Amino acid sequence: MYELKTKENDNSVIEFIEGVADAKKREDAYRLLDIFTEITGYPAKMWGSSIIGFGSYHYKYASGHEGDAPLVGFSPRKAKISLYLASNDPERDALLESLGKHTQGKGCVYINKVADIDVDVLRKLIRQSVEHLRKLYPNDEEKS
């Protein structure tokens with residue numbers, strides 16, 4: 001059976017951020033930590049070795065694949081900062097149009113730096129993602 005690599009763990013979020021080599025990216029990580037914590041109300045937790053997640057939910061696909069994931073999160077990666085927001089939220093695309101300079105992957109939004117985006121729009125995206133996932137998974141017990 002497939003084993004998820006990205007699981008919530010007790011590693012230190014602050015130690016992880018302090019380990020980010022680029023000073024500007026480290027500064028942005030602290031700024032994002034404050035924003036995500038403020039908007040979600042959840043404590044930051046490490047997921048795997050490099051994702052800072054907030055809250056959690058349990059998903060189960062029709063295929064039978066299931067697991068836990070953070071409601072929202074981010075990762076200050078070497079190339080870009082990855083933002084983990086609900087990818088299946090119908091309101092996401094409209095908000096992303098106003099976000100500022102970003103690119104998208106299958107499940108992530110990528111930014112170079114916080115200064116490139118409208119932080120108020122990011123706040124709305126975070127709030128909307130949490131609300132959307134809570135509607136999709138209403139019976140999920142919060143573990144974080």
Side-chain angles (χ1 to χ4, degrees), residues 1-14 16-17 19-20 22 24-144:
M1 185 158 144
Y2 175 75
E3 180 76 17
L4 283 173
K5 291 181 204 161
T6 308
K7 293 181 177 178
E8 183 179 327
N9 60 65
D10 291 328
N11 294 345
S12 169
V13 170
I14 300 303
F16 170 68
I17 293 174
V20 173
D22 181 90
K24 291 278 188 199
K25 197 157 279 182
R26 194 167 50 247
E27 185 179 310
D28 276 350
Y30 278 118
R31 180 130 188 251
L32 290 169
L33 179 64
D34 289 344
I35 292 167
F36 276 78
T37 301
E38 174 194 336
I39 297 302
T40 67
Y42 296 119
K45 300 278 188 165
M46 289 301 302
W47 286 75
S49 61
S50 62
I51 296 173
I52 300 169
F54 301 81
S56 66
Y57 68 99
H58 186 82
Y59 61 86
K60 185 170 185 177
Y61 298 135
S63 66
H65 176 78
E66 63 182 295
D68 296 310
L71 288 168
V72 291
F74 70 93
S75 182
R77 301 195 185 273
K78 201 173 266 188
K80 293 183 182 249
I81 297 170
S82 301
L83 304 175
Y84 298 93
L85 305 162
S87 59
N88 58 355
D89 180 0
E91 296 185 36
R92 174 178 153 150
D93 288 340
L95 286 168
L96 285 175
E97 286 179 21
S98 305
L99 181 62
K101 187 178 175 183
H102 73 280
T103 56
Q104 293 183 65
K106 185 177 177 186
C108 299
V109 173
Y110 303 101
I111 63 172
N112 289 320
K113 57 187 183 282
V114 174
D116 287 343
I117 62 168
D118 183 328
V119 173
D120 289 333
V121 173
L122 175 61
R123 290 172 190 273
K124 289 177 188 171
L125 276 162
I126 295 167
R127 192 174 293 114
Q128 181 58 34
S129 290
V130 170
E131 288 173 6
H132 176 71
L133 290 168
R134 283 286 170 234
K135 284 179 196 164
L136 280 180
Y137 304 96
N139 298 323
D140 194 37
E141 291 297 318
E142 182 55 46
K143 291 178 255 168
S144 296

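What you are looking at is a predicted structure, and each value in this text was computed from that prediction instead of being measured. These numbers come from the heavy atoms of this one structure, side chains and all, not from hydrogens, waters or symmetry mates.
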Approximate separation, where rounding is to 0.5 Å, of [X] [atom1] and [Y] [atom2]:
X      : Y      : atom1 : atom2 : result
Cys108 : Leu83  : SG    : CG    : 8.0 Å
Asn112 : Lys80  : CG    : NZ    : 4.0 Å
Leu125 : Arg127 : CG    : CZ    : 10.5 Å
Leu33  : Phe54  : CG    : CZ    : 5.0 Å
Arg123 : Thr40  : CZ    : OG1   : 11.5 Å

Minimum heavy-atom distance [X]-[Y], with the two atoms named:
X     : Y      : answer
Lys25 : Pro76  : CG-CB, 3.9 Å
Pro90 : His132 : CD-CE1, 3.7 Å
Gly53 : Pro70  : CA-CB, 3.7 Å
Leu85 : Ser129 : CB-OG, 3.4 Å
Asp28 : Val114 : OD2-N, 3.1 Å
Ser56 : Trp47  : CB-CZ2, 3.7 Å

Side-chain contact, heavy-atom cut-off 4.5 Å: [X] with [Y]?
X      : Y      : result
Leu136 : Asn88  : yes
Arg26  : Ile17  : yes
Val72  : Leu133 : no
Leu32  : Leu122 : yes

- Message: Which label fits Tyr59 and His65: parallel for a plane angle under 30°, tilted from 30 to 60°, or perpendicular past 60°?
- Response: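 Tyr59 and His65: tilted rings.
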- Task: Give me the ring orientation class for Phe74 and Phe36: parallel if the planes are under 30° apart, tilted from 30 to 60°, perpendicular past 60°.
- Result: tilted
- Query: Is it true that Lys124 and Glu91 have a side-chain N and a carboxylate O under 4.0 angstrom from each other?
  - Reply: no
- Query: Would you call Lys113 and Asp116 a salt bridge, taking side-chain N to carboxylate O under 4.0 Å as the test?
  - Reply: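 Yes, charged N to carboxylate O under 4.0 Å.
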With a 3.5 Å cut-off and sequence neighbours excluded, list the donor-acceptor pairs that the side chains of residues 95-107 form with protein atoms.
from: His102; atom 1: ND1; to: Gly100; atom 2: O; distance (Å): 2.8
from: Gln104; atom 1: OE1; to: Arg92; atom 2: NH2; distance (Å): 3.4

- Message: Checking side-chain contact (heavy atoms from CB on, under 4.5 Å) between Ile51 and each of Lys45, Glu8, Arg77, Met46, which is the one that passes?
- Response: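 Of Lys45, Glu8, Arg77, Met46, side-chain contact (heavy atoms from CB on, under 4.5 Å) with Ile51 is met by Arg77 alone.
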- Task: Evaluate whether atom CZ of Arg31 has more than 12 neighbouring non-hydrogen atoms of other residues, nucleotides or ligands under 6.0 angstrom away.
- Result: no
